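Before any comments, here is the structure.
Keep in mind that the numbers below use all heavy atoms, side chains included, and drop hydrogens, waters and symmetry copies. Counting starts at 1 for both ligands and their atoms, in listed order. Here the structure is a predicted model, which means the values were calculated and not measured.
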Amino acid sequence: MSTAAPILLTPGPLTTSTRTRQAMMVDWGSWDSSFNQLTASLCEQLLAIINGADSHYCVPLQGSGTFAVEAAIGTLVPRDGKVLVLINGAYGQRLAKICKVLGRDFSTFETAEDQPTTAADVDRLLREDHSITHVALIHCETSTGILNPLPEIAHVIAQHGKRLIIDAMSSFGALPIDASQVPFDALIAASGKCLEGVPGMGFVFANKQSLAKAEGNSHSLAMDLQDQHAYMVKTGQWRFTPPTHVVAALHEALLQYNEEGGLPARHQRYANNCQVLLDEMAKLGLRSFLPAEIQAPIIVTFHAPKDPRYQFKEFYERVKAKGFILYPGKLTQVETFRVGCIGCVNDDGMKAAVNAVAEVLREMEVLEI
Ligand SMILES: *Cc1c(COP(=O)(O)O)cnc(C)c1O
């Protein structure tokens, strides 16, 4: 069991249920009406999660999550627009890089990796620079697990009459976001994160008016969400070959999501996973990098043990041999490692993972934590 099917404590790809994996055992014709219905049902269910059916379209896109982020920026930011990118980690940096590569004017505002961006910061920045048209924000910055205060920031942006693009990749489905309360132009997520599907497609909730006005913005054919959406409305089909098995798996994962009790239940399970993880690791002396108030129940960054006998590579391999895949740290200043709380795993799984960590630290004779 342990070598054949490890539990992935990573922020996507993550552990999926047998039922979700089994849904990929069927081949679908991309033009077939059954598959079109599957796509339509998927988009409808996704929109329901954010209460967005009235205000937003769900536009699915082939590829990993970054493809959808790039497509959203390229489609919704006009070529003469300017993006304010809010950064407190690697995914925020990636937003800035996307703007740069796409040739969209942008400025950045960076806080420390353990410092959420505040609504007051955004208010000040928008007062200082009136040429900004869009603000791009990471909801849960997966490089640490920090949660940025989305509703507060969204309201400030709306007060200034600016548009918001949210990378909610690692939070969507687990942390509540209500499109009727939180104004945004685009919210981006993907199949292989908190919905517990397999990786391979992203989706963008695009404001209906903004998407309608976005024709011709995109620099790219394949990444043009306005065109993808228009084609889907006309034909019911994806514009180019869809990731059929990924769609089928996500559809099946959503059935289980709803059976579990939807967002509140998913949030509760992850929050519980996170608390158990923090408590059990604390018993070993392992400290989390973030204070509890800004820790999202998605992924936890831990300080690495100080003992020179600790080496991440060996630690990782030994924990893996016991059936758990951890994640390296992503911080430049501090030596850390990360443990995900998301995926088809519960508190028993988290306890078992921490037991494995404890055994490995003993095996490696890591004494100084
Ligand atoms: C996972 C993730 C992405 C997408 O990464 P891909 O490797 O392209 O799937 C983007 N933003 C955040 C915050 C993420 O957690």
**OP:** Could you name each residue pair satisfying side-chain hydrogen bond (donor to acceptor under 3.5 Å, both in side chains) that touches residues 102-111, not counting sequence neighbours?
**Re:** Q93-E110
Subject >> side-chain hydrogen bond (donor to acceptor under 3.5 Å, both in side chains) contacts in which one or both residues fall within residues 145-156, not counting sequence neighbours >> reply: N88-N148
**OP:** Tell me whether the centres of the aromatic rings in F172 and H139 are closer together than 6.0 Å.
**Re:** no
**OP:** Indicate whether any N or O donor in one side chain lies under 3.5 Å from an N or O acceptor in the other, for S17 and Q256.
**Re:** yes
Original post:
Can you name the salt bridge (charged side-chain N to carboxylate O under 4.0 Å, His left out) partners of E260, sequence neighbours left out?
Top reply: R266, R269
Subject >> Set of residues that line ligand 1, where lining means a heavy atom lies under 4.0 Å from it >> reply: S64, G65, T66, Y91, R94, I138, C140, T142, D167, M169, S170, K193
Original post:
W238 and V26: same hydrophobic cluster, using ILVMFWY side-chain contacts below 4.5 Å?
Top reply: yes
